[in-house]
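Okay, structure first, notes after.
Just follow the structure's listing: the first ligand is 1, and inside any ligand the first atom is 1.
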Amino acid sequence: VPPNSAPHDPAPTSAPAAPRIGVVGGGQLARMMLGPAIELGLPLTVLATDPAESAAQGAARVRIGRHDDEEAVRALAAEVDVLTFDHEHVPPRILEGIERDGLAAVRPGPSALVHAQDKLLMRERLSALGHPCPRWWRAVSAADVDAALAEIGAAAGEGAAPAPRAVVKTPRGGYDGHGVRIVSAGGDVADWFEEHDELLVEELVPFTRELSAQVARRPGGEMLALPVVRSTQKDGVCFEVLAPAPDLSAADQERIQHLALRIAEDLGVTGMLAVELFETADGEVLVNELAMRPHNTGHWSMEGAVTGQFEQHLRAVADLPLGASAPRAPHAVMVNLLGGSREDLAAGAREAMARDPELKIHLYGKTVRPGRKVGHVTLAGEDPADLLARAHRAERLIIDAVHEEQSA
Ligand SMILES: Nc1ncnc2c1ncn2[C@@H]1O[C@H](COP(=O)(O)OP(=O)(O)O)[C@@H](O)[C@H]1O
Ligand SMILES: [Mg+2]
């Protein structure tokens with residue numbers, strides 16, 4: 001697959017030119033689809049659980065209901081042409097029913113989406129397809145986790161200091177590090193076995209950094225890759241992204257883009273796909289997990305690329321021609337605003353705007369709680385170190401003035 005296949009619209013489809021879009025979930029990802037939907041003239045309805053949710057505050061059309069309430073999701077599907085998602089938690093059974101009854105086109109479809117919903121299914125399928133993954137095991141008991149740890153220990157060599165460790169994950173429902181635990185004994189996840197029939201065990205990958213590769217794919221197969229970026233997690237939560245990933249050769253950029261394009265094609269994804277990756281000391285990459293929607297590691301593209309990921313997702317699921325994904329500047333950075341000590345972000349945002357007119361600020365309208373994603377900032381330009389320093393300065397100003405004064 002060439003990284004950017006089919007620059008023009010393939011065969012015309014019978015779909016309406018401006019399909020009505022329904023988004024399940026009212027978080028910040030749905031909220032950031034609103035601007036592009038208005039620009040493109042696509043009527044967009046959000047299914048939120050509460051009128052105060054991030055996207056529900058801004059959407060002209062809102063339905064209130066839960067993502068796992070079959071009636072609520074079907075009612076949304078019945079009044080739109082295309083159903084897409086803010087998160088991956090809609091039960092597949094509901095989506096299969098919507099497809100079967102022809103209520104709306106589901107994009108990505110349930111048969112692709114399961115690989116973003118269930119980390120065990122994802123590992124099974126990617127391994128079967130030959131895509132690079134960390135070593136992994138399925139565990140139905142603490143004894144299975146201990147057996148995996150013993151294998152890891154044996155591979156590390158006899159008498160290897162420290163005791164072997166592994167990463168255990170709940171297959172479903174995790175996000176932002178919830179559902180990920182580093183363990184040295186099966187007993188460390190005894191509580192999880194009370195709620196889950198099976199868990200995913202992975203080797204603890206000694207990665208040198210984390211990368212993310214994003215692609216967009218239309219129903220007919222047209223695809224486009226964004227530049228591969230470096231993402232940095234703190235306590236399992238993304239907080240900083242640099243685009244493109246520094247010190248990645250053109251050949252490696254292309255090789256990793258091809259991996260993401262192949263996965264999108266193999267799984268039949270429509271819309272945006274993010275492939276979270278570990279890069280190891282020998283330059284290999286391993287797939288961590290998949291997201292089939294706009295992704296935190298793509299927020300930089302809103303201002304940093306010709307077509308931002310939210311617009312691209314809408315174009316892809318609406319089966320419209322994709323927009324160019326080329327960067328607008330040599331480098332772009334994104335820094336998340338994770339809730340700190342202050343509840344009102346407006347004063348800090350005003351201060352950050354005054355200090356740096358090039359800064360772009362996105363606030364999600366969410367109640368501030370410690371560590372919660374409440375917004376992000378981006379900058380694009382020539383010097384990545386300067387961009388990162390300015391973005392972090394703005395971050396401190398906005399979320400936590402006390403912190404800023406101390407570290408200024
Ligand atoms: N096998 C692993 N080895 C080392 N670190 C890992 C491994 N799996 C996850 N992590 C770390 O935990 C973070 C969150 O894990 P992930 O599976 O992506 O969960 P989430 O669904 O919460 O994003 C990753 O971004 C990475 O920093
Ligand atoms: Mg992740």
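- Computed with the Mg ion (ligand 2) at the centre, the Glu276 OE1 to Glu289 OE2 angle is 100°, stated to 10 degrees.
- The side-chain contact (heavy atoms from CB on, under 4.5 Å) test with Val275 is passed by exactly one of Ile263, Leu261, Val228: Ile263.
- Ligand 1 has no nitrogen or oxygen under 3.5 angstrom from a nitrogen or oxygen of Val180.
- Taking every non-hydrogen atom of Lys119 and a distance limit under 4.0 Å, the qualifying atoms of ligand 1 come out as 16 (P), 17 (O), 19 (O), 20 (P), 21 (O).
- Atoms of ligand 1 lying under 4.0 Å from any heavy atom of Lys169, numbered from 1 in the order shown and given with element: 8 (N), 9 (C), 16 (P), 17 (O).
- Assignment of Gly179 to the shell around ligand 1 is not supported, since no heavy atom sits closer than 4.0 Å.
- Only the side chain of Phe207 comes within contact range of ligand 1, with a heavy atom under 4.0 Å; no backbone atom does.
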Practice item. Could you walk me through whether Arg31 and Gln57 pass the side chain to side chain donor-acceptor pair (under 3.5 Å) test, one step at a time? Key: CA-CA 8 Å; Arg31 178 182 173 107; Gln57 291 171 24; 3.3 Å; yes
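- Against a heavy-atom cut-off of under 4.0 Å, Glu276 is close to the following atoms of ligand 1: 18 (O).
- Close approach to Glu210 involves these atoms of ligand 1, each under 4.0 Å from a residue heavy atom: 24 (C), 25 (O), 26 (C), 27 (O).
- The side chain of Val167, and not its backbone, has at least one atom closer than 4.0 Å to an atom of ligand 1 (non-hydrogen atoms only; side chain from C-beta on).
- Using a 4.0 Å cut-off between heavy atoms, Asp176 contacts ligand 1 through its backbone alone, with no side-chain atom that close.
- If you look at His299 and His362, their ring centroids are not closer than 6.0 Å.
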Practice item. Give the intermediate values and the outcome of side chain to side chain donor-acceptor pair (under 3.5 Å) for residues Gln28 and His376. Key: CA-CA 11 Å; Gln28 66 264 22; His376 72 266; over 6 Å; no
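- A side chain to side chain donor-acceptor pair (under 3.5 Å) with His115 is found for one member of Arg123, Arg125, Glu289 and no other, namely Arg125.
- Heavy-atom neighbours of Asp50 CG from other residues, nucleotides or ligands within 6.0 Å: above the threshold of 12.
- Close contacts between ligand 1 and Glu203 involve ligand atoms 1 (N), 2 (C), 3 (N) [criterion: under 4.0 Å to a heavy atom].
- Within 4.0 Å of atom 9 (C) of ligand 1, at least one protein heavy atom is present.
- No more than 12 heavy atoms of other residues, nucleotides or ligands shown are found within 6.0 angstrom of NZ on Lys360.
- The aromatic ring centres of His89 and Tyr175 sit 6.0 Å or more apart.
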